[in-house]
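Here is the structure we will look at, set down as structure tokens.
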Amino acid sequence: MNGLPILSILVWLPIVAGIVVLALGSGARAGQGKVVALAATVLTFVLSLPLYSAFDTTTAQMQFVEQIPWITRFEAYYHLGIDGISLPLILLTTFLTPLVVIAGWEVIQVRAAQYFAAFLILEGLMIGVFAALDALLFYVFWEAMLIPMFIIIGIWGGERRIYATVKFFLYTFLGSVFMLIALIYMYLKAGSYSILDFHALPLTLNEQLLIFLAFLLAFAVKVPMWPVHTWLPDAHVEAPTGGSVILAAVLLKMGGYGFVRFSLPIAPDASQALDWLMIGLSLIAIVYIALVALAQQDMKKLIAYSSIAHMGFVTLGFFVVFSIAANSTGGDGARLALQGGMIQMISHGLISGALFLCVGVMYDRLHSREIGAYGGVVNTMPKFAALMVLFALANAGLPGTSGFVGEFFVILGSFQASFWLAFLAATTLIFGAAYTLWLVKRVIFGEVTNDGVASLQDIGGREFFMLAVLAVAVLILGIWPAPLVELMEQTLGNLLIHVSQSKL
Amino acid sequence: MEGIYLTIVLCPLAASIVAGLFGRQIGRAGAHSITIAAVAVSFLLSAYVLKAIAVDGAATYNAAVYRWAAVGALTMEVGFLVDHLTALMMTVVTFVSLCVHVYTIGYMHDDDGYQRFFSYISLFTFAMLMLVMSNNFLQLFFGWEAVGVVSYLLIGFWYKRDTAIFANMKAFLVNRVGDFGFLLGIAALLMYTGSLDYVQVFGHAERLSGESIEIVSGMQWSALTVACICLFVGAMGKSAQMPLHVWLPDSMEGPTPISALIHAATMVTAGIFMVARMSPLFEHSVTALSVVIVIGATTAFLTGLLGLVQNDIKRVVAYSTLSQLGYMTVALGASAYAAGIFHLATHAFFKALLFLAAGSVIIALHHEQDMRNMGGLRKYMPITYWTSLIGSLALIGFPGFSGFFSKDILIEAVHASTTPGAHFAYWCVLIGVFVTALYSFRMFFLVFHGEERIDPHVKSHLHESPWVVTVPLIALAIPSIVIGWLTVGPVLFGGFFDEAIFVLEEHDVVGELGAEFHGSLAFVTHAFVASPALYLAAAGVLVAWFLYMYRPGLPGQISEKIDVIHRLLVNKYYFDWFNENVLARGTRCLGGGLSRFGDQMVIDGGIVNGSARVVALLSIVVRNLQSGYLYHYAFAMIIGLAALIGWLVVEL
């Protein structure tokens, strides 16, 4: 905009900082490395704020665009830019990464430099995924992200970390390969790797269906959607706290982002033709996965399943738009559903991130994730308990917290598609509350159940800070979501118009 | 006026935040001073607003405070609608809340969570005010769930008790079942009206009754009926109507002040208020009204019976509350919304009084709640005794007391109603009067009269409660006596609710009764000749006296005689048994089954690890091809060459 390549800075600053931290090593200068990591992530967050303040909400055009030739042989450009869909996700990333660094501050003792470096590099790559407008560049960022995440779980993870990492890697890699084929196919047809060119590319229904399915494999694994979701609980359980936070808060959003950036605009007719499948899988996530969450004995597994159920609202919101539009009475229902899906992504990032931090706080003290190992935590950790109850209620979709907004919009929108759709989606009010509050009842409330709980120390300043910041964010978004909604209005409105025009 | 409304709402919120976050810094006195001051400000301003609207005739206020979100053409705002109905509710809520705040100083004075408690009840006041003052469905739903959460926190206030943390989760989940319906109702209204604003939605009500929606294929239902019934499911949760009533008796696990404030006077009446607020919608759907009246009548009668077999003093009052909520619901179903709201208001005073009086007894007896260990308390606790008597008389409808007016008009309105099911409802509420008098005075006699069955140790220093307890009792006793006499004419028959509540002319039973109303005194004397209710109430008191004072051995014999019925009542019609053993356990088993069978066996065991095994098996087979022996490869080459040549020969 004003000449400064903000997006490039946001992508490369953390990566360079990560290399610096690596160079400082885990030896005598590990302390300096941590400071560099914190400074870099905070600086990245501060530098991402101008994106928000200078963002023009009256247009659906890409903004802060940077474009320079990259691989001329393949017409590939280093092409960055953001619109109302990518901006909130970038802000979510830059907001959460400093908290992850803070969360690992005293906890990570082994190979601390490598740990923080992995997160810094990961942050740059994640921002790159959201900002890339060139499909090849996107794919590079997308695949590169796997490496730091793989390392984070594989080195600092729990006992079964190797099983979890291999499962995580194979699942996500398998999906991405098909995406690459689709991208290359479109490059051959369009003669460019520009995502915006892909949007305008005319495709027959069969082409669209194949492309949609290829993308579906890649994105469904990330979201994750039933039945390709079982890697997530394993990955979460084994990942260190920071890994779980980033995994739940940002990496899962890659799938949702893919659907709105690629699947819907590139293959609108296929999306419409297969919307029954997407809606069906979303509802399975909302109902079936919620029931499965109820049966979990491991806190991280429970929150992981809760994540899958909540992400069901994202995919439901995105793919229910066709049925709403088909219903003549539906006014702003489709818009509501799309907004709901997007807001749910942001909100879930904050809430699930916070819940994983809460579990981390307890795990750091008692080294157990089992629900049965706790009970009566409120007696010894009242401050922590208050925050955890707040996040639990937000997870259960309490109005006034961000967790309500997305689900509310999606349910209101889905009703305009069909009563039963809204009926099944709204069961989250009951099941979501059931598994979350039951967790709270067993872990937080009651008499102190064992010596471990009796010996617990309440959270200190560092832990309080990271949870309080998230609590404030969750409340602000719940009480006044208008700024976030406004950020996305034009882009989503434009997307809706785009998908309603057949490419055939 | 906006400044005043904002102050009314935000004062309790600010006080709650201060008491909650800085409780340790400001200390106990600081916490109760600041919250009481805030609620007092809210009450005084609410009273001012009520006067401005009811006496000075100020216009209805309807405006947004801020825009919550705007999606497409749909704007969602937070705003206030203040008319007669709202002003009345605001005053009742803040008055009872103020009494409860003061009372809490005495009741909770040795509790560790003192500041936390004040923070919660102030937060509740805020949430309840947001609910009643809302001008749109979004904010209504916010208030609706927010009061539910504070109720959750307060029922589980003593979080070490297993029963308390079970009860609060149960309360929240049952309420969520109601909210589930409520949300669908809101979604239905949005779909057909394109708005969440009350006034705009109400403007479409008539058209909506013509629209049809197909939920089960082949069956066309009126969209309005579907929306109204969904909304009413929400009311059933909050206002504890059968079968969603199960949480309310258990909610008595919370401290007594909140039983009075939340589970008697305010939150549980939110459903009643909501239906009255939605009268422009319900009026156009006779089917929905019929559902409302039948459910209300069933609740009023069946839960009243349960009050007869309870021994816990708070649970008797809780079942009484359930039954009275049923009465209010019946009034709504009969299109006598004004009568329902009037009973809500009088009930708020005398039921809060009864709860606080019960609490006074409980603290005097060192947290003894079993009525079998009470008796003869009259001479130790005179103020509690007399205020309890006033509350009980108001509850059973003693002529001239507040409950008399509201209940009598309610019964007459149901009598005159043409809603399908009104006949059934009339008999339920009529017999209910006898039941109400019986359980009320059973409790009264068991607690205050008869043999002293008190623990001797406790008895030695038994005395009346301190002034912070008795002053709220007196403050609530006064309106329990006079409020009906003073306000029945202007509020019910003076067109008080004309703008706020909409009634179709052919449903206007309250208007019919109003034509025969000639002042409070005439109404009282008229009741002696016209209404059987009065005599049923008297009979109830007499029977209670006979069974529990004159022949105390008799109730035991009777319950042995009708063992089956007695067991049915003691087990609360087996609702809890069904919910816990069938619904809750069934869901848990289903979840466990899906987890083990679906996720672990089929997906992970079969597909994921299965495909890994297939790859492993394949590799074993394929590995044999690369044996490393030269003669294997040479053999394969020769076979291949032979096949190729053979093929060429055949082709050519």
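All values below come from the heavy atoms of this structure, side chains included, with hydrogens, waters and symmetry mates left out. Every chain is numbered from 1 and lettered A, B, ... according to where its sequence line falls, protein lines coming before strand lines.
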Exercise. Is there a side-chain contact between A/Q416 and B/L190, using heavy atoms and a 4.5 Å cut-off?
Worked result: yes
For this session: For the residue pair A/K441 and B/F166, establish whether any side-chain heavy-atom pair is separated by less than 4.5 Å.
Result: yes
Seminar exercise, completed: Residue from A/I479, A/L393, A/V228 scoring the most non-hydrogen pairs under 4.5 Å with chain B is A/I479
Exercise. What residues form a side-chain contact (heavy atoms from CB on, under 4.5 Å) with B/V582, not counting sequence neighbours?
Worked result: B/W577, B/F578
Does any backbone or side-chain atom of [X] lie under 4.5 Å from a heavy atom of chain B? Answer side chain, backbone, both or neither.
X: A/K167; result: side chain
X: A/S418; result: neither
X: A/E486; result: neither
X: A/L336; result: both

Considering non-hydrogen atoms only, spot the tightest contact between [X] and [Y] and give its length.
X: A/V292; Y: B/S595; result: CG1-CB, 3.7 Å
X: A/G397; Y: B/E145; result: O-OE1, 4.0 Å
X: A/V485; Y: B/A70; result: CG1-O, 3.3 Å
X: B/V226; Y: A/F419; result: CG1-CE1, 4.5 Å

Exercise. B/F180 and A/F423: aromatic ring centres closer than 6.0 Å?
Worked result: yes
Problem set entry | Under 3.5 Å donor-acceptor, A/W480 side chain and B/R67 backbone | yes
For this session: Not counting sequence neighbours, list each pair that qualifies as a salt bridge (charged side-chain N to carboxylate O under 4.0 Å, His left out) and has a residue in residues 180-195 of chain B.
Result: none
For this session: Dump the intermediate steps for side-chain contact (heavy atoms from CB on, under 4.5 Å) on A/F409 and B/M76, then the final yes or no.
Result: CA-CA 11 Å; A/F409 282 8; B/M76 289 168 268; 3.5 Å; yes
Problem set entry | Steps toward side-chain contact (heavy atoms from CB on, under 4.5 Å) verdict (B/I186, A/F415) | CA-CA 10 Å; B/I186 293 174; A/F415 194 95; over 6 Å; no
For this session: Kindly determine whether B/F142 and A/F404 satisfy side-chain contact (heavy atoms from CB on, under 4.5 Å), including the steps that lead there.
Result: CA-CA 9 Å; B/F142 165 79; A/F404 165 71; over 6 Å; no
Return the [atom1] to [atom2] distance between [X] and [Y], rounded to the nearest 0.5 Å.
X: A/I430; Y: B/N175; atom1: CD1; atom2: CG; value: 11.5 Å
X: A/L398; Y: B/Y152; atom1: CG; atom2: OH; value: 11.0 Å
X: B/L196; Y: A/L412; atom1: CG; atom2: CG; value: 6.5 Å

Problem set entry | Residue part contacting chain A, namely of B/V149, when any heavy atom lies under 4.5 Å | side chain
For this session: Examine whether an atom of B/Y66 lies under 4.5 Å from a heavy atom of chain A, and if so say whether it belongs to the side chain, the backbone or both; otherwise answer neither.
Result: side chain
Problem set entry | Audit row: A/W438, B/L173, side-chain contact (heavy atoms from CB on, under 4.5 Å) steps and yes/no | CA-CA 10 Å; A/W438 196 27; B/L173 291 183; over 6 Å; no
